[in-house]
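Remember, predicted model here, so these are calculated numbers, not experimental data.
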Amino acid sequence: VQLQASGGGLVQTGGSLRLSCAASGRTFSRYHIGWFRQGPGKEREFVAAIKRGGDSTYYAASVKGRFAISRDNAENTVYLQMNSLKPEDTDVYYCAVRRYDRGWSDIERSALYDFWGQGTQVTVSS
């Protein structure tokens, strides 16, 4: 699976962005999808995840209520709607896939994902 993230950019505090992650291949629906973020000198941080069928989601406490993850399996695309953005949301955002037979437990652990996209920069100005 190849992943292409897009939609990043520069936005003011309180603004919104929608990230997209397009996947190649016909097996997209076999994967749970996660979004992570990482800044210079920081650990990669879990942001949100969605089950392969789109029926369950999970968020980091820092983004819950502000971000929403969704997916369109017919279009092989997952989205991350980011609202009420804060300067501390500034990072490079990555999408990643995890085969459904690995389970949903520990979905926030980056080491348990199988493929990663290249990242898209999000910058929130104060």
Residues Tyr94 and Gln38: closest non-hydrogen pair is CE1-CB, 4.1 Å
Side-chain atoms of residues 45-59: list all donor-acceptor pairs with protein atoms under 3.5 Å, sequence neighbours left out, distances to 0.1 Å.
{"unit_1": "Glu45", "atom_1": "OE1", "unit_2": "Arg37", "atom_2": "NE", "d": "3.0"}
{"unit_1": "Tyr59", "atom_1": "OH", "unit_2": "Ile69", "atom_2": "N", "d": "2.9"}

In this structure, CD of Gln12 is separated from OG1 of Thr123 (nearest 0.5 Å) by 13.0 Å
Value for CG (Leu112) from CH2 (Trp104), rounded to nearest 0.5 Å, stands at 12.5 Å
Of all heavy-atom pairs linking Asn73 and Ser29, the shortest is ND2-CB, 3.8 Å
(Q) Same cluster or not: Ile33 versus Trp116, using hydrophobic residues (I, L, V, M, F, W, Y) connected whenever any side-chain heavy atoms lie under 4.5 Å apart? (A) no
When the side chains of residues 13-23 are checked against the rest of the protein, which donor-acceptor pairs come out under 3.5 Å, sequence neighbours left out?
{"unit_1": "Thr13", "atom_1": "OG1", "unit_2": "Ser125", "atom_2": "O", "d": "2.7"}
{"unit_1": "Ser16", "atom_1": "OG", "unit_2": "Asn83", "atom_2": "OD1", "d": "2.9"}

What do the steps show when you test Asp89 against Phe67 for side-chain contact (heavy atoms from CB on, under 4.5 Å), and what is the final call? CA-CA 11 Å; Asp89 295 318; Phe67 290 12; 3.9 Å; yes
Is it true that Phe115 and Ile107 fall in one hydrophobic cluster, defined by side-chain heavy atoms closer than 4.5 Å?
no
Practice item. Decide if atom CZ of Arg44 counts as having more than 12 heavy atoms of other residues, nucleotides or ligands within a radius under 6.0 Å. Key: yes
Is the NZ or CZ atom of Arg102 both under 6.0 Å from the centre of the six-membered ring of Tyr113 and within 45° of that ring's axis? no
Residues at least two apart in sequence or cross-chain that pass side-chain hydrogen bond (donor to acceptor under 3.5 Å, both in side chains) with Arg109, listed by chain then number, are none
So OG of Ser126 and NZ of Lys86: to nearest 0.5 Å the spacing works out to 14.0 Å
Verdict with supporting geometry, Gln121 and Thr90, side-chain contact (heavy atoms from CB on, under 4.5 Å): CA-CA 8 Å; Gln121 175 71 48; Thr90 295; 4.0 Å; yes
### Message
I want to check something: taking the side chain as every heavy atom from C-beta on, are Phe28 and Asp72 in contact at a cut-off of under 4.5 Å?
### Response
no
Rounded to the nearest 0.5 angstrom, the CG-CH2 distance for Leu80 and Trp35 is 6.0 Å
Main-chain N/O of Glu75 paired with Thr77 side-chain donor or acceptor, under 3.5 Å:
yes
Contact between Arg66 and Met82 at the side-chain level, heavy atoms closer than 4.5 Å - yes or no? no
Shortest non-hydrogen pair, Asp114 vs Tyr31, comes out as OD2-CE2, 4.5 Å
### Message
Treating Thr120 as the side-chain partner and Ser6 as the backbone partner, does any N or O pair qualify as donor plus acceptor under 3.5 Å?
### Response
no
TODO: Please lay out, stage by stage, how Gln118 and Gln4 fare under the test side-chain contact (heavy atoms from CB on, under 4.5 Å).
DONE: CA-CA 7 Å; Gln118 88 290 357; Gln4 179 76 35; 3.2 Å; yes
- Same apolar cluster: Val122 and Leu3, side chain cutoff 4.5 Å: yes
